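Everything below concerns the one structure shown next.
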Amino acid sequence: MRVLLVTGNQSKVAEVRDVLKPYGVNVEKADLRKFEVQGEIEEVSMLAARLAAMEALEPVVVDDSGLYVEALKGFPGPYSSYVYSTIGNEGLLSLLSHDDNRAAAFRCAVSYVDPINRVERTFLGEVAGYIRREPGKPGGFGFDPIFSPFGPNGVPLSEMSVEEKNAISHRGRAFRKLGEYLAARQ
Ligand code: ITT
């Protein structure tokens with residue numbers, strides 16, 4: 001089956017295609033606007049998916065993700081896109097420059113809306129890790145260079161292949177749940 005992924009982010013499309021391929025789901029980038037109201041990520045993704053599905057009249061999927069930094073009480077969380085495009089990775093590192101608590105997590109909410117069969121579902125995924133003192137090598141997108149998942153080798157997301165990132169990431173986890181759900185319905 002095919003689903004339309006509503007996003008302006010080409011890196012997300014590559015990651016999501018890789019996750020959903022084994023489930024027999026073809027992902028196409030939708031030429032639709034992702035309406036983003038302010039709220040928790042699962043509210044943003046569901047509302048954006050409902051609006052896009054009304055326009056597309058076929059199944060759509062919307063991912064809304066954010067970086068939650070413990071020392072900043074969860075900030076930037078749902079405001080991650082704005083924070084990334086304003087102060088960026090360097091700004092976030094300087095907000096934490098005097099903090100020994102580096103714990104953080106990426107969270108992803110994936111909302112699937114099928115307007116024909118009147119189905120609405122949201123799937124969540126999370127990866128825990130820490131904000132690095134120094135960025136890793138460029139790669140991936142967004143906050144990837146400054147975030148390392150907890151694990152033995154401390155590699156930042158930016159230094160992983162799409163497959164390695166998907167195996168452990170917030171997005172990989174959330175989209176595998178969607179893949180299992182869609183595979184069971186086919
Ligand atoms: P769309 O809204 O068009 O889907 P976006 O890149 O703005 O694309 P989000 O709103 O879901 O995506 O993500 C908010 C920000 O969080 C995004 O700008 C990135 O900076 C960051 N982010 C989300 N997922 C990420 C990931 O897997 N790796 C690094 N940064 C990520």
Side-chain angles (χ1 to χ4, degrees), residues 1-37 39-68 76-78 80-81 84-85 105-117 119-129 138-145 147 149 155-186:
M1 71 175 292
R2 113 171 171 155
V3 292
L4 294 176
L5 179 63
V6 185
T7 180
N9 182 332
Q10 198 58 52
S11 300
K12 277 190 183 178
V13 180
E15 291 183 11
V16 173
R17 276 202 179 122
D18 177 73
V19 177
L20 291 184
K21 209 169 156 193
Y23 299 98
V25 178
N26 277 329
V27 175
E28 279 185 37
K29 186 173 175 304
D31 193 16
L32 296 167
R33 186 173 153 210
K34 178 180 165 191
F35 288 93
E36 288 192 63
V37 290
E40 296 303 325
I41 55 171
E42 57 271 35
E43 296 168 338
V44 174
S45 62
M46 180 48 84
L47 196 55
R50 280 186 189 140
L51 291 168
M54 274 164 50
E55 204 176 326
L57 300 176
E58 64 175 297
V60 302
V61 69
V62 173
D63 149 349
D64 203 58
S65 303
L67 179 63
Y68 295 72
S80 292
S81 187
Y84 182 73
S85 64
F106 269 114
R107 293 191 192 135
C108 174
V110 170
S111 292
Y112 171 81
V113 174
D114 174 351
I116 301 148
N117 298 299
V119 174
E120 294 188 346
R121 289 280 189 289
T122 296
F123 304 91
L124 303 175
E126 179 169 333
V127 56
F141 69 96
F143 301 112
D144 279 346
F147 180 89
V155 174
L157 289 177
S158 63
E159 294 179 24
M160 295 182 187
S161 67
V162 167
E163 292 77 11
E164 287 167 336
K165 180 179 169 186
N166 275 337
I168 50 147
S169 76
H170 51 310
R171 183 164 300 103
R173 289 181 170 143
F175 273 96
R176 275 191 290 281
K177 291 181 189 170
L178 171 67
E180 277 159 28
Y181 171 77
L182 293 177
R185 277 171 56 94
Q186 280 187 69

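Predicted model, so just to flag it, every value in this text is computed and none were measured. By convention here, the first residue in the shown sequence is residue 1.
Separation of atoms CD (Glu36) and CG (Leu47) is listed at 10.5 Å; rounding is to 0.5 Å. From Asp64, atom CG reaches atom CE of Met46 across 12.5 Å, with rounding to the nearest 0.5 Å. Summarising the geometry, atom OH belonging to Tyr23 is positioned 10.0 Å from atom CG belonging to Leu182; distances are rounded to the nearest 0.5 Å.
Here the side chains of Tyr68 and Pro78 are in contact, with some heavy-atom distance below 4.5 Å.
Within the structure, salt bridge (charged side-chain N to carboxylate O under 4.0 Å, His left out) pairs that include any residue of residues 175-186 comprise Asp114-Arg185 (at least two apart or interchain). The list of salt bridge (charged side-chain N to carboxylate O under 4.0 Å, His left out) pairs with a residue in residues 156-170, not counting sequence neighbours, reads Glu15-Lys165, Asp144-Lys165. Applying the salt bridge (charged side-chain N to carboxylate O under 4.0 Å, His left out) definition to pairs two or more places apart or across chains, those involving residues 17-32 are Arg2-Glu28.
Heavy-atom minimum distance, Ser158 versus Pro145: OG-CA, 3.3 Å. Residues Ile41 and Gly66 approach most closely at CG2-N, 4.5 Å, considering heavy atoms. Here the closest non-hydrogen pair linking Ser169 and Gly172 is OG-N, 2.9 Å. Considering every non-hydrogen atom in both Leu67 and Phe147, the closest pair reads CD1-CD1, 3.9 Å. Ala48 and Lys34 get closest at one heavy-atom pair: CB-CG, 4.0 Å. The two residues Gly39 and Val44 come nearest to each other via the heavy atoms O-CG2, 3.7 Å.
Every residue meeting the salt bridge (Lys or Arg N to Asp or Glu O under 4.0 Å) condition with Arg50, not counting sequence neighbours, appears here in chain and number order: Glu120. Partners of Glu40 by side-chain hydrogen bond (donor to acceptor under 3.5 Å, both in side chains), not counting sequence neighbours: none found. Residues passing the side-chain hydrogen bond (donor to acceptor under 3.5 Å, both in side chains) test with Ser65 are Asp63, Arg171, sequence neighbours excluded. A search for ring-ring contact (aromatic ring centres under 6.0 Å, His included) contacts involving Tyr84 returns Phe143, not counting sequence neighbours. Taking the side-chain hydrogen bond (donor to acceptor under 3.5 Å, both in side chains) definition, one finds that Thr122 meets it with Ser111, sequence neighbours left out. Listed by chain and number, the residues in a ring-ring contact (aromatic ring centres under 6.0 Å, His included) with Tyr181 are Phe123 (sequence neighbours excluded). Checked against side chain to side chain contact (heavy atoms under 4.5 Å, CB included), Pro115 has the following partners two or more places apart in sequence or in another chain: Ala53. Partners of Ala56 according to the side chain to side chain contact (heavy atoms under 4.5 Å, CB included) rule, which considers only residues two or more places apart in sequence or in another chain, are Leu4, Leu32, Glu58, Val60.
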_For a side-chain contact (heavy atoms from CB on, under 4.5 Å) check, start with the C-alpha distance between Asn166 and Phe175, then their side-chain angles and the critical distance, and finish with the verdict._
CA-CA 9 Å; Asn166 275 337; Phe175 273 96; over 6 Å; no

*Walk me through it: do Glu126 and Arg107 pass the test side-chain contact (heavy atoms from CB on, under 4.5 Å)?*
CA-CA 4 Å; Glu126 179 169 333; Arg107 293 191 192 135; 3.2 Å; yes

*asked:* One pair to check against side-chain contact (heavy atoms from CB on, under 4.5 Å): Val37 and Glu43. What are the steps and the verdict?
replied: CA-CA 8 Å; Val37 290; Glu43 296 168 338; 6.0 Å; no

*Stepwise, does the side-chain contact (heavy atoms from CB on, under 4.5 Å) test hold for Phe141 with Lys12?*
CA-CA 9 Å; Phe141 69 96; Lys12 277 190 183 178; 4.2 Å; yes

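Under the side chain to side chain contact (heavy atoms under 4.5 Å, CB included) rule, Leu5 has a single partner from Leu20, Val16, Val62, Val110, which is Val16.
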